[in-house]
Amino acid sequence: MNTITASDLIRLFEAWKTLFAEEREFLISLDGKVGDSDLGITMSKSFAAAAEAVTAEGEAAGIAKLLRTAGATMARTAPSTMGTLTATGFLRASKALETADGIGTAEAAKFWTAFRDGVAERGKAKVGDKTLLDVLDPIARSLEEAAASGKSLGEALALATTAAEDALEATKSLVAQHGKAAAFQEKTVGLQDAGATVGVFIIRAMRDFAA
Amino acid sequence: MNTITASDLIRLFEAWKTLFAEEREFLISLDGKVGDSDLGITMSKSFAAAAEAVTAEGEAAGIAKLLRTAGATMARTAPSTMGTLTATGFLRASKALETADGIGTAEAAKFWTAFRDGVAERGKAKVGDKTLLDVLDPIARSLEEAAASGKSLGEALALATTAAEDALEATKSLVAQHGKAAAFQEKTVGLQDAGATVGVFIIRAMRDFAA
Amino acid sequence: MKKFLNDPVNFVNEMLEGIYRAHPEVTYVADDKRCMVAANRKPGKVGIATGGGSGHLPLFLGYVGDGMLDGVAVGGVFQSPSAEQMYQVTKAIDQGAGVLYIYGNYTGDIINFDMAAELADLDGIQVKQVVGNDDVASSVVGEEHKRRGVAGIFFVYKAAGAAAAEGASLDEVTRLADKARLRTRTMGVALSSCVVPEIGHATFSIGEDEMEIGMGIHGEPGISRKKLAPADAVVDEMMDRIFAEQDYKSGDEVAVLINGLGGTPLEELYILFRRVSLLLEERGVKTRHVWIGEFATSMEMAGASISILHLDAELDRLIGAAGNTPFFKHIPA
Amino acid sequence: MKKFLNDPVNFVNEMLEGIYRAHPEVTYVADDKRCMVAANRKPGKVGIATGGGSGHLPLFLGYVGDGMLDGVAVGGVFQSPSAEQMYQVTKAIDQGAGVLYIYGNYTGDIINFDMAAELADLDGIQVKQVVGNDDVASSVVGEEHKRRGVAGIFFVYKAAGAAAAEGASLDEVTRLADKARLRTRTMGVALSSCVVPEIGHATFSIGEDEMEIGMGIHGEPGISRKKLAPADAVVDEMMDRIFAEQDYKSGDEVAVLINGLGGTPLEELYILFRRVSLLLEERGVKTRHVWIGEFATSMEMAGASISILHLDAELDRLIGAAGNTPFFKHIPA
Ligand SMILES: Nc1ncnc2c1ncn2[C@@H]1O[C@H](COP(=O)(O)OP(=O)(O)O)[C@@H](O)[C@H]1O
Ligand SMILES: Nc1ncnc2c1ncn2[C@@H]1O[C@H](COP(=O)(O)OP(=O)(O)O)[C@@H](O)[C@H]1O
Ligand SMILES: [Mg+2]
Ligand SMILES: [Mg+2]
Ligand SMILES: [Mg+2]
Ligand SMILES: [Mg+2]
């Protein structure tokens with residue numbers, strides 16, 4: 001598809017919900033290594049709640065309203081670090097797409113740039129600190145480039161996903177600076193960051209959805 | 001010997017001290033079955049302290065004073081049930097022998113009758129309640145008879161010891177009514193009472209000492 | 001054994017040194033740290049003393065202060081103090097109005113307090129005694145004199161302490177303490193053992209999924225050992241036994257004490273109280289006073305007890321009165 | 001898992017129901033039990049709010065009351081409350097004089113409190129924040145902003161609460177809270193793990209004879225894991241780290257908090273305090289205030305922490321001021 005409409009967006013949240021239900025145990029154990037094991041629980045809870053909320057709201061609400069509902073719902077359901085950061089991301093994306101009827105390549109670039117900036121502001125991490133931000137930044141950059149060079153949505157999301165996957169792999173060599181993982185210091189080297197893994201899951205499902 | 005003198009009494013306390021040091025573990029495990037395992041600790045402590053105190057005091061103090069020192073020392077060192085009851089026993093024996101120069105059969109009878117009465121008053125148990133009193137009572141009665149019939153000290157203490165041993169055996173069939181053992185109710189049947197065992201140890205060592 | 005301690009032999013004395021360093025409101029007499037008294041005497045007031053083994057903080061030491069007790073003698077862990085120590089405390093706190101002993105129904109304590117009372121009598125000090133026996137699980141109805149004293153003694157202290165602070169006579173303080181005693185019932189449940197420092201291993205063993213209803217605070221056997229049930233069911237079973245001995249009509253009032261035995265988190269005590277409160281509400285019984293926390297522990301034992309005092313007007317006034325001790329502070333609303 | 005609970009999912013809410021049933025001095029807003037506020041507002045007073053995960057009682061809920069905090073939002077066990085909940089509490093406690101947030105340095109909490117502050121700002125409520133970071137073990141000198149907040153936050157509450165009760169402005173309350181924060185250091189040691197009810201097994205494992213110096217209150221790794229040493233040696237090691245960051249001269253004054261993590265008996269905390277007190281005495285430092293007990297726990301974790309606040313004259317006054325909350329009562333001498 002070339003544009004994600006409001007009704008598509010509702011189905012995309014369903015896809016995210018299914019994905020995080022499937023990846024629940026994996027994320028629990030990943031967060032368990034240098035964290036508190038809650039990531040699988042919070043992500044499956046918050047995406048399930050968001051999917052239900054946007055379904056209840058219905059496509060007539062439009063892209064921006066649906067994203068806002070999703071973000072507000074997530075903030076309420078899972079106020080963990082990642083829960084609140086992803087909620088912030090969706091709320092900022094909603095603001096960035098206030099007037100949009102659908103999400104094409106240009107809107108996807110706005111969406112992810114706003115998402116990244118929101119997470120950066122809220123979390124105060126820098127790129128390279130081994131967080132979610134390490135995959136959000138390449139996603140946003142890649143989509144901005146794709147929009148400038150007029151790439152199709154499918155192609156753009158595919159490129160962004162690849163960039164995110166590379167960035168996730170790169171988090172392995174970093175030392176965690178934030179959150180519970182920071183206490184583990186050198187022990188975090190060799191492990192991929194849990195929050196960044198969630199970032200890859202989100203963009204990957206979006207790519208698959210738009211393919 | 002026919003009379004236990006003040007200097008003998010000091011050596012008798014040494015014998016009790018040695019005995020309870022030897023029986024420490026046995027009494028710990030006996031009290032552990034339906035109690036709190038402290039009996040071996042308290043008895044070895046209190047007799048050791050009493051022996052030291054009477055040695056320090058010296059024979060010149062006389063029978064009554066030595067017994068009082070022993071009782072007061074025991075009360076201070078081991079204020080457990082048995083510690084305080086045996087302390088009371090020695091204090092009462094001291095009173096009963098206030099004017100005695102030595103312990104012959106008649107004095108032994110006074111000693112143990114006062115000891116028994118002190119324990120009975122202080123502990124408020126009745127004979128048959130499965131306590132120390134169950135051996136003190138036959139000891140006192142047996143010695144009173146022996147004194148009335150003019151038996152020698154050695155013979156009298158031997159008879160009293162046998163009576164105590166029989167009474168101890170008989171505690172096996174009783175249900176504990178007092179102290180920590182009372183909570184175990186029927187589980188105490190088949191076990192010999194720990195405090196009564198101490199009573200037998202005390203009279204037995206006295207018999208051996210006077211033999 | 002996982003404990004913060006140095007030589008186990010010094011456990012009690014080092015604990016006491018910590019207490020005296022932290023709380024100048026209490027001091028000791030007879031050159032013996034185990035004989036604790038309030039730093040300030042209150043002329044003419046009836047003295048109240050308690051005592052018993054160590055290892056139950058805040059019992060016994062924690063309740064010396066305004067509106068509560070005047071003195072306490074403690075022994076080794078789970079061991080009675082000596083008659084001599086109790087006597088020294090008695091002499092120190094007597095203000096001419098006599099002294100009331102309030103302590104738990106344990107043979108070792110009884111015979112030593114009796115002996116102390118005899119010694120005090122020789123000095124012309126009038127002594128009365130009230131022996132706590134609130135533990136419903138430790139003997140049947142009709143044999144209440146065999147029951148052990150557990151956390152419910154807190155209510156006896158509170159009633160007697162407030163009465164003495166009001167200036168009541170020894171007879172009156174004794175009457176009120178005894179009334180509080182007679183109207184208090186406690187049920188306990190243990191989930192794990194404690195470790196006596198000088199022994200170094202668990203006093204008893206209990207399965208990973210078991211609880212013992214009615215276990216004593218030194219590990220004395222209780223009524224039944226079974227699989228740990230949901231909190232509400234545990235409370236229901238405990239309260240059944242208490243209700244069976246207290247006759248409530250709608251409008252009656254109670255004071256409630258939810259006591260942790262040492263290793264149980266406060267969160268869980270509130271979950272227990274929630275149910276207790278519901279059950280009382282169902283019967284139309286009003287909870288006038290409630291304390292939730294650690295009031296009488298067994299070192300690190302996991303478990304809890306529920307004590308209910310069936311109030312009347314005078315007990316309500318005394319239980320609600322102000323109190324200020326190192327471990328217990330009550331500011332009336 | 002040996003806990004008094006019903007369905008683990010209801011652990012926090014049932015605990016809260018117990019608290020509201022026990023303590024009518026606190027209530028909740030926004031129809032959400034996790035948004036607790038004092039039942040009585042104090043017109044014109046600066047509002048103080050805190051918040052964080054459940055499982056740390058008496059932190060956070062226990063400190064709402066006179067001379068302390070006005071509101072608190074709590075989340076699930078060891079989980080942050082939401083920004084919305086914090087915002088609701090903020091709205092409820094603002095009396096026109098603004099609101100100060102005092103909470104611990106955990107990413108989840110920070111992000112949510114920041115968000116709540118933004119929401120409050122839109123309503124014209126002035127919000128300031130002081131983020132507790134007293135845990136010496138969690139990062140090196142120079143990186144203090146990375147340190148976790150643990151039990152020492154109690155001193156920040158106490159200073160800020162007393163200042164607000166005296167009628168100080170938001171700026172002034174913030175200044176004093178921040179001063180208390182900067183002058184407080186904490187070191188902790190854990191002997192056993194805790195169990196999060198919804199997880200059901202120990203958060204981490206630790207050998208039967210091991211301790212972990214510096215472990216965090218959610219089980220975050222500490223500085224070193226080694227054989228449990230005698231209490232005095234453990235205190236010496238902890239105090240070395242604290243003394244290295246606090247510059248004392250003879251005559252200086254401190255407030256001391258010996259905090260049990262949940263499963264450690266009070267007796268042991270006094271044994272720890274004894275040594276702390278000796279070490280301070282050796283340096284000529286005067287202990288002006290001391291609290292010993294459970295102030296910030298990790299469920300049933302065995303262990304303890306030592307917090308030292310290096311006083312000055314104004315902090316001394318505020319720390320010594322009266323306080324009266326469901327879980328904390330202080331009656332000045
Ligand atoms: N300050 C921050 N900014 C951005 N992302 C962060 C920050 N701190 C942590 N994260 C991300 O959050 C992830 C952990 O999320 P989560 O399990 O929700 O944390 P917690 O359980 O501590 O609340 C980390 O793997 C990291 O990617
Ligand atoms: N009321 C009593 N009168 C006499 N003897 C008693 C009484 N109660 C208990 N005993 C004796 O004390 C023994 C236990 O002594 P001890 O171990 O010192 O008790 P505890 O450890 O409970 O203080 C029992 O075996 C019994 O013989
Ligand atoms: Mg996590
Ligand atoms: Mg015993
Ligand atoms: Mg405790
Ligand atoms: Mg506790």
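Proteins come first, then strands; the chains are lettered A, B, ... in the order of their sequence lines, and each starts at number 1.
Contact of C:L280 with chain D is not made at all, since no heavy-atom distance falls under 4.5 Å. Heavy atoms of C:A333 lying under 4.5 Å from chain D are absent altogether. For C:Y20, no part lies near chain D; criterion is any non-hydrogen pair under 4.5 Å. Only the backbone of D:D209 comes within contact range of chain C, judged by heavy atoms closer than 4.5 Å. There is no contact between C:A302 and chain D, counting heavy-atom distances below 4.5 Å. Residue C:I292 touches chain D through its side chain alone, counting heavy-atom pairs closer than 4.5 Å. Heavy atoms of C:N10 lying under 4.5 Å from chain D are absent altogether. In this structure, chain C has heavy atoms under 4.5 Å from both the backbone and the side chain of D:L191. For D:I206, the parts lying near chain C are the backbone and the side chain together; criterion is any non-hydrogen pair under 4.5 Å.
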**Request:** Apply salt bridge (Lys or Arg N to Asp or Glu O under 4.0 Å) to the pair D:E268 and C:K3, showing each step before the final yes or no.
**Result:** CA-CA 7 Å; D:E268 297 176 32; C:K3 283 184 191 290; 3.7 Å; yes

**Chi angles and distances behind the salt bridge (Lys or Arg N to Asp or Glu O under 4.0 Å) call for D:E17, C:R275** = CA-CA 10 Å; D:E17 282 172 42; C:R275 184 69 179 181; over 6 Å; no

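Contact check for D:S307 versus D:F155: side-chain heavy atoms found under the 4.5 Å cut-off. Put simply, the side chain of C:S54 does not reach to within 4.5 Å of the side chain of C:F11, judged on heavy atoms. You'll find the side chain of C:R34 stays beyond 4.5 Å of the side chain of C:P81, heavy atoms only. With contacts defined as side-chain heavy-atom distances shorter than 4.5 Å, the pair C:K158/C:M68 qualifies. Taking 4.5 Å as the limit, some side-chain heavy atom of C:I319 sits within range of a side-chain heavy atom of C:L309.
Within a 6.0 Å sphere centred on CZ of D:R241, heavy atoms belonging to other residues, nucleotides or ligands number 12 at most.
The residue among C:V290, C:L57, C:I19 with the most heavy atom pairs within less than 4.5 Å of chain D is C:L57. For the set D:V276, D:V234, D:T287, D:L5, the count of heavy-atom pairs under 4.5 angstrom toward chain C peaks at D:L5. Each of C:V12, C:D232, C:L269, C:V77 has some count of heavy-atom pairs under 4.5 Å with chain D, and the biggest count is that of C:D232. Of the residues considered (D:N13, D:V189, D:I331), D:I331 shows the highest number of contacts with chain C, using heavy-atom pairs under 4.5 Å. Per-residue counts of heavy-atom pairs under 4.5 Å with chain C were compared for D:M211, D:E281, D:E25, D:H56; the largest is that of D:E281. Options D:M301, D:H330, D:H23 differ in how many heavy-atom pairs under 4.5 Å they form with chain C, and the most are formed by D:H23. Between chain C and the options D:G260, D:G55, D:G293, D:P24, heavy-atom pairs under 4.5 Å are most frequent for D:G55. For the set D:L278, D:I258, D:L61, D:V235, the count of heavy-atom pairs under 4.5 angstrom toward chain C peaks at D:L278.
Side chains of D:N259 and D:E294: no donor on one and acceptor on the other come within 3.5 Å.
Summarising the geometry, atom CD belonging to D:E237 is positioned 13.0 Å from atom CE belonging to D:M239; distances are rounded to the nearest 0.5 Å.
Relative ring orientation between D:H289 and D:W291 is described as parallel, the plane-to-plane angle staying below 30° on a 0-90° scale split at 30° and 60°.
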